Amino acid sequence: MGKKVRVRFAPSPTGGLHLGGVRTVLYNYLFAKKQGGDFIVRIEDTDQSRFVEGAEEYIFDCLKWCGLEPDESVQQGGNYGPYRQSERKELYRPYAEQLVKEGHAYYAFDTPEDLEKMRHESIPDQPHSPQYDHTIRMKMRNSLTLSAGETEKLLAEGANHVIRIKMPVNETASFIDMIRGEVRFDTSLVDDKVLLKADGMPTYHLAVVVDDYLMKISHAFRGEEWLPSAPVHILLWKYLFGLDQMPQWAHFPLILGPNGKLSKRDGAKYGFPVFAMSWTDPKTQERTEGFQEKGFLPEALINLLALLGWNDGTEQEIFTIKELIDKFSMERVHSAGAKFDYEKAKWFNHEWIKRSTVHSFQSTVKTLLAQNNITVSDDVMLDKVIGLVKDRCTLLPDFVQQSSFFFKSPETLDVDAVKPKWNEAKKLFFAELIRNYELSPDWLAQSLETNFKEIAAVNDLKPGELMLPFRIMLVGSKFGPGVFEIAEILGKEETGKRIHTALKIFG
RNA sequence: GGCCCGUUCGUCUAAGGGUUAGGACACCACCCUUUCACGGUGGUGAUACGAGUUCGAAUCUCGUACGGGCUACCA
């Protein structure tokens, strides 16, 4: 023991980073930081056919936005690079060949057509699952069925070939999952996975084991979808580096959408984002909106993701990243999959908006308003407005609706809300109100309200029937903070102006 | 089909043999608010099923059912 904690997130840069990915990063990060360990990001780009322009940088942008930055990666550098598997290509073949030499793997020369044929017609008695395993490998074209001479010759000729693991028969491969406990597999039932592809690149199976070893990874965490390939990795560890060197593993429960596993392809078709940040497919130009653009605070995203599959055993639900680091433990991660609930996600965001300081929203709100052609020149006023409205905002764009009218008089007034009960007496009231307000020695919500009610009383009118019209005059519609607080921020001149304008419209 | 993982309110979850099965989101009602929210109070609502172990099971075991994942020279 005493081994330094080193964990890694190993994404394949093929598109948007979805919720499950961010949560995997998060749990890795929390675990590492709690133990004072290192968090590494390794790019798994061994499938060149799936290369997507910009995907790698996008992933790092997402991590940065989330505040989950790695200690070592393509961008940060580090002592265990390169951190991109495509740049480590030459490194893997010797391991694969060592396995062949030791009888744990073999060369296979089957063409794609051969494989296709094998899968579709070789097993008449079984309806499914023709896999390249111990029951059929002796019927295929590989170094097990070919003579040593033939094999050598083919290799010398540069024939297309892969290296496959030779799964043993009737052995049990097992490991202790930090979340699930012991998991065991019958090796006879696992197929001979390709380790080294025809283009010389390793598959995930070989690369993950070799790199985890070389990068001294102490704990390897990944999604539950990887559990079935665990026996392959266990055997590779056993053959290559020794089981005692194998990192401790944990497989996280899946995050489910409405129809099973959350998938990148489903984009925002669920009615909620699945990506951390917006992603535009460089080929189709199809853009999928992310949590950031939807108006989520990174703190909220982190918080809600942390609670999707983990809790600290108390009833606390709002956690800062610092608290999460402090309290996280792998043993408390749930083993069952969790369906994502967008309503609850929004609740988390609302809570975070309420808890964040007024100042933290200043530039965001300014930008949001600018996008709606509203220029804010008075920062003091802006802060007051934010303070007044932030509790009513669930998503960041809600600030637009909630604060626009402070900076720009309403374009339309909800006349219908006023008209039916509008009369001469009320009209006279507001005329008098303007005169009174003109003379007001101060301009505070409190005194504005007092005066308002006094005038109403003198004219024998119910304040309640006057406040809605007043609100419509100032806001244009039936929402927003208290009217007198709005009037205070608007100021004497602007308030008077809006009453005037409205009076003309109401008739 | 095979293999693997899983199963507590609609959703996220707590309860690691003894609780009126707790909380949160959502929903409903009431209060607060002379707008809309916030907030407060209360309510509806769950241990998939069947055996077994035990004085006692949501909790341990087995079976069944259901759900999910994997089953590529993708990760």
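Just so you know, these numbers come straight off a predicted model, no measurement behind them. Letters A, B, ... are given to chains in the order of the sequence lines, protein chains preceding strands, and every chain is numbered from 1.
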How long is the gap from CD on A:Glu432 to CZ on A:Phe429, to the nearest 0.5 Å? 8.0 Å

As an exercise, state the distance from CZ of A:Phe175 to CE of A:Met246, rounded to the nearest 0.5 Å. 7.0 Å

[X] versus [Y]: any side-chain heavy-atom pair under 4.5 Å?
X        : Y        : result
A:Ile40  : A:Pro70  : no
A:Phe406 : A:Lys384 : no
A:Asp186 : A:Thr172 : no

Could you check whether [X] gets within reach of a base, just the sugar-phosphate, or nothing at all, counting any heavy atom under 4.0 Å?
X        : answer
A:Asp110 : base
A:Gly223 : nothing
A:Pro481 : base
A:Thr14  : nothing

Answer yes or no: is there a donor N or O on one side and an acceptor on the other, between the side chain of A:Asp312 and the main chain of A:Thr314, under 3.5 Å? yes

Hey, does the side chain of [X] come within less than 4.0 Å of [N]'s phosphate (OP1/OP2), counting only N and O?
X        : N      : result
A:Lys261 : B:rG67 : no
A:Lys344 : B:rU13 : no
A:Arg164 : B:rC73 : yes
A:His205 : B:rC74 : no
A:Asn311 : B:rU13 : no
A:Thr203 : B:rA72 : no
A:Arg119 : B:rC73 : yes
A:Lys339 : B:rC25 : no
A:Arg332 : B:rA15 : yes

Considering Watson-Crick and G-U wobble pairs with both distances under 3.5 Å, what does B:rC27 pair with? B:rG43

Quote, to the nearest angstrom, the [atom1] distance that separates [N] from [M].
N      : M      : atom1 : value
B:rA75 : B:rG18 : C1'   : 48 Å
B:rC62 : B:rA57 : C1'   : 15 Å
B:rA15 : B:rA24 : C1'   : 16 Å
B:rA21 : B:rA58 : P     : 10 Å
B:rC31 : B:rU35 : P     : 13 Å
B:rU47 : B:rU59 : C1'   : 10 Å
B:rU71 : B:rU53 : P     : 42 Å
B:rC12 : B:rA72 : P     : 30 Å

Taking atom [atom2] of [N] as reference, at what distance in whole Å does atom [atom1] of [X] sit?
X        : N      : atom1 : atom2 : value
A:Glu449 : B:rU35 : CD    : C1'   : 13 Å
A:Leu256 : B:rG67 : CG    : P     : 13 Å
A:His350 : B:rC38 : NE2   : C1'   : 7 Å
A:Glu225 : B:rG6  : CD    : P     : 15 Å
A:Tyr342 : B:rC12 : OH    : P     : 18 Å
A:Tyr204 : B:rC70 : OH    : C1'   : 13 Å
A:Ile353 : B:rA37 : CD1   : P     : 17 Å
A:Phe340 : B:rU11 : CZ    : P     : 15 Å

Is the base of B:rC38 syn or anti, where syn means the angle lies within 90° of 0? syn

The criterion is ring-ring contact (aromatic ring centres under 6.0 Å, His included); which residues satisfy it with A:Tyr204, sequence neighbours excluded? A:Trp226, A:His233

Between A:Arg23 and A:Lys462, name the one whose nearest nucleotide on RNA chain B is closer to the 5' end. A:Arg23

Starting at the 5' end of RNA chain B and moving along, which residue's nearest nucleotide shows up first, A:Glu465 or A:Ala198? A:Glu465

